[in-house]
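Excluded from the calculations below are hydrogen atoms, water molecules and symmetry mates; all remaining heavy atoms, backbone and side chain alike, are included. None of the values given here were measured: they were computed from a predicted structure. The first residue of the sequence shown is numbered 1, and numbering continues consecutively from there.
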Amino acid sequence: MSSKRKVCILGSGNWGSAIAKIIGTNAARLDSFDSCVKMYVYEEMVDGKKLTEIINTTHENVKYLPGKKLPENVVAVPDVVEAAKDADIIVFVIPHQFIPRLCSSLVGFIKPTAVGLSLIKGFDVAPGGGIDLISQIINRQLKIDVCVLMGANLANEIADEKFSETTIGCRDKRIGPILKNLIQTDYFRVSVVDDVEAVEICGALKNIVAVGAGFVDGLLLGDNTKAAIIRIGLMEMIKFADQFYAGARLSTFFESCGVADLITTCYGGRNRRVSEAYVTSGKSIEQLEAEMLNGQKLQGPITAAEVNFMLKNKSMENKFPLFTTVHKICIGELKPKDLIEQLKLNSETSEKFNLDKCNLDSETAGGE
């Protein structure tokens with residue numbers, strides 16, 4: 001990397017714009033980064049004007065983060081190759097279903113020494129009945145090292161500079177401190193651990209649990225039931241890592257990327273909100289996504305489908321009753337009111353997982 005590291009952000013939705021506010025501010029004040037931060041923006045028209053032109057003129061993403069000023073050194077670019085071609089650090093923050101196509105368009109156009117930082121929460125279906133982590137897809141297609149950032153990070157609260165924590169998963173001890181400097185502020189505190197897969201797994205799976213929490217809210221079942229869903233969900237997240245990702249650490253689930261992100265998403269996230277409306281409105285999830293999210297994408301139901309694809313192929317659906325039931329409700333095989341009954345029926349299977357005997361390393365990950 002050069003002495004002045006160039007940074008680009010691929011994505012300009014709610015979360016992408018919030019992180020651009022942080023990265024732009026830090027890049028402008030720190031000598032180790034080039035002050036110009038390019039942000040790839042999917043071009044669309046807003047009130048007859050191009051969104052990129054609005055952002056570059058008013059320094060505000062009026063569609064996805066209205067009312068919050070972006071630093072003037074954040075430059076909106078409608079061409080993804082133009083945004084990324086000179087970057088030393090590439091921050092990925094688009095809906096996970098679009099990542100394979102975006103990466104394909106970048107092949108051959110980015111620096112081979114670039115480092116990726118994925119803020120994307122989700123999986124993709126892999127050949128052979130498994131699932132791919134998004135960082136693995138980026139690494140495989142672009143041949144660059146990829147770190148991940150996950151945490152209890154509701155974008156609007158971070159844009160309002162309310163105190164938050166986050167977790168970066170990074171194995172390279174040279175890169176971790178650089179990414180921390182790029183991201184950390186006095187209100188956004190960063191922990192770096194080397195347990196990359198577990199950090200990313202937490203960010204993806206918690207959205208499935210949040211959908212279940214939304215069903216509970218829509219059914220007016222109360223906080224005790226919601227707490228039970230969160231606990232069962234956490235156990236299934238840990239069980240999933242124990243089953244499929246050898247080397248993951250139990251301690252990672254107690255970082256911001258784990259239990260903290262799970263709690264905040266189950267109380268304040270879009271997955272919870274839309275799932276509650278699914279119960280109360282009688283409308284489809286797709287219809288509610290279009291009506292409620294202003295162009296943003298809902299990750300929980302898609303992630304539930306991808307996880308179920310893997311579990312079904314391995315005949316393991318009954319070992320993950322919450323994940324399985326949430327998926328079946330999302331696709332209409334079960335009704336939201338069936339959620340608790342299904343968990344009761346499968347409680348014996350669920351409780352067979354003994355946390356004390358799981359294979360996850362219980363020692364503390366290498367934090368900074």
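- Within 6.0 Å of atom CD in Q287, more than 12 heavy atoms from other residues, nucleotides or ligands are found, so the atom counts as buried in its surroundings.
- In this structure, F309 places its CZ atom where more than 12 heavy-atom neighbours from other residues, nucleotides or ligands lie under 6.0 Å away.
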Could you walk me through whether V37 and V75 pass side-chain contact (heavy atoms from CB on, under 4.5 Å), step by step? CA-CA 6 Å; V37 175; V75 179; over 6 Å; no
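- Without hydrogens or angle criteria, D132 side chain to D124 main chain gives no donor-acceptor distance under 3.5 Å.
- Checked for salt-bridge contact, E200 and K121 miss the test: no charged N lies under 4.0 Å from a carboxylate O.
- Checking side-chain atoms of E60 against main-chain N and O of I55 turns up no donor-acceptor pair under 3.5 Å.
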Going through the distances and angles, do C147 and V196 end up as a side-chain contact (heavy atoms from CB on, under 4.5 Å)? CA-CA 7 Å; C147 307; V196 179; 6.0 Å; no
Go through the steps for E291 and K283 under the test salt bridge (Lys or Arg N to Asp or Glu O under 4.0 Å), then give the verdict. CA-CA 10 Å; E291 291 179 2; K283 297 178 180 179; 2.9 Å; yes
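- Between the side chains of T166 and N153, at least one donor-acceptor pair of N or O atoms lies under 3.5 Å.
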Stepwise, does the side-chain contact (heavy atoms from CB on, under 4.5 Å) test hold for K312 with K314? CA-CA 5 Å; K312 191 171 185 177; K314 297 181 181 298; over 6 Å; no
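- Around the NZ atom of K49, the shell of radius 6.0 Å holds no more than 12 heavy atoms that belong to other residues, nucleotides or ligands.
- Cation-pi geometry between K4 and F33 is not satisfied (NZ or CZ under 6.0 Å from the ring centre, within 45° of the ring normal).
- Note that CG of N318 is 12.5 Å distant from CG of L345, once rounded to the nearest 0.5 Å.
- Taken to the nearest 0.5 Å, the CD1 atom of I94 stands 15.5 Å off from the CH2 atom of W15.
- Between the side chain of N73 and the backbone N or O of S35 there is at least one donor-acceptor pair closer than 3.5 Å.
- Between F123 and F240, the ring planes lie tilted relative to each other; the angle falls in the 30° to 60° range.
- The shortest non-hydrogen separation linking C103 to L142 is O-CD2, 3.4 Å.
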From CA spacing to verdict: side-chain contact (heavy atoms from CB on, under 4.5 Å), F320, V326: CA-CA 10 Å; F320 295 85; V326 165; over 6 Å; no
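- Checked by atom type and distance alone, the side chain of N26 never pairs as donor or acceptor with a backbone atom of T185 at under 3.5 Å.
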Apply side-chain hydrogen bond (donor to acceptor under 3.5 Å, both in side chains) to S104 and Q141, showing your working. CA-CA 7 Å; S104 293; Q141 290 194 240; 3.1 Å; yes
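- K68 contributes no side-chain N or O that, together with a main-chain N or O of N61, makes up a donor-acceptor pair within less than 3.5 Å.
- Taking 4.0 Å as the cut-off between side-chain N and carboxylate O, R171 and D145 do not count as a salt-bridged pair.
- Ion pair D172/R174 flagged as a salt bridge, since at least one NZ, NE, NH1 or NH2 atom sits closer than 4.0 Å to an Asp/Glu carboxylate oxygen.
- In the hydrophobic cluster analysis, where Ile, Leu, Val, Met, Phe, Trp and Tyr join through side-chain heavy atoms closer than 4.5 angstrom, L149 is grouped together with Y187.
- Within 6.0 Å of CZ on R101 lie no more than 12 heavy atoms contributed by other residues, nucleotides or ligands.
- At a threshold of 4.5 Å between non-hydrogen side-chain atoms, the residues L205 and V307 count as touching.
- Rounding to the nearest 0.5 Å gives a distance of 13.0 Å between CG of D194 and CD1 of I168.
- Transitive grouping of hydrophobic side chains (ILVMFWY, heavy atoms separated by less than 4.5 Å) brings V211 and I329 into a common cluster.
- Nearest heavy atoms, C170 versus V192: CB-CG1, 4.3 Å.
- When all heavy atoms are compared, the tightest approach of C202 to C257 is CB-O, 3.0 Å.
- Judged by distance alone, with hydrogens and angles left aside, the side-chain atoms of S17 form no donor-acceptor pair with the main-chain N or O of N14 at under 3.5 Å.
- Contact check on R270 versus E289 returns no salt bridge, with no Lys/Arg side-chain nitrogen under 4.0 Å from an Asp/Glu carboxylate oxygen.
- Taken from CG in L343 to CG in L339, the straight-line distance is 5.0 Å, to the nearest 0.5 Å.
- Judged purely by distance below 3.5 Å, without hydrogens or angles, the side chains of E317 and H327 never pair a donor atom with an acceptor atom.
- Atom CD1 of I232 and atom OG1 of T325 lie 10.0 Å apart (nearest 0.5 Å).
- A chain of hydrophobic side-chain contacts below 4.5 Å, direct or via other Ile, Leu, Val, Met, Phe, Trp or Tyr residues, connects Y267 to M237.
- Considering all non-hydrogen atoms of both residues, V74 and A20 come closest at CG2-O, 3.6 Å.
- Under a 3.5 Å cut-off, the side chain of S164 and the backbone N or O of K162 do form a donor-acceptor pair.
- Looking at every heavy atom in both residues, I131 comes nearest to Y245 through O-OH, 4.1 Å.
- For the salt bridge (charged side-chain N to carboxylate O under 4.0 Å, His left out) condition, the pairs that include at least one residue of residues 210-223, sequence neighbours left out, are D217-K226, D217-R272.
- Taking each heavy atom of L322 and I229 in turn, the nearest pair found is CD2-O, 3.7 Å.
- The main-chain N or O of V81 is found under 3.5 Å from a side-chain atom of D79 such that the two form a donor-acceptor pair.
- For the atom pair NE2 of H96 and CD1 of I120, the computed distance is 9.5 Å after rounding to the nearest 0.5 Å.
- A salt bridge is defined here as a Lys NZ or Arg NE, NH1 or NH2 lying under 4.0 Å from an Asp or Glu carboxylate O, and E44 with K63 meets this definition.
- Residues I183 and F163 are members of separate hydrophobic clusters, defined by side-chain heavy-atom contacts under 4.5 angstrom among Ile, Leu, Val, Met, Phe, Trp and Tyr.
- Note: the hydrophobic cluster containing V93 does not contain L65 (ILVMFWY, side chain heavy atoms under 4.5 Å, direct or indirect links).
- Using a 4.0 Å cut-off between charged side-chain N and carboxylate O, K21 and E161 make a salt bridge.
- Formation of a donor-acceptor pair under 3.5 Å by the Q136 side chain with backbone atoms of L133 is found in this model.
- Judged purely by atom type and a 3.5 angstrom limit, T252 has no side-chain atom pairing as donor or acceptor with the backbone of A248.
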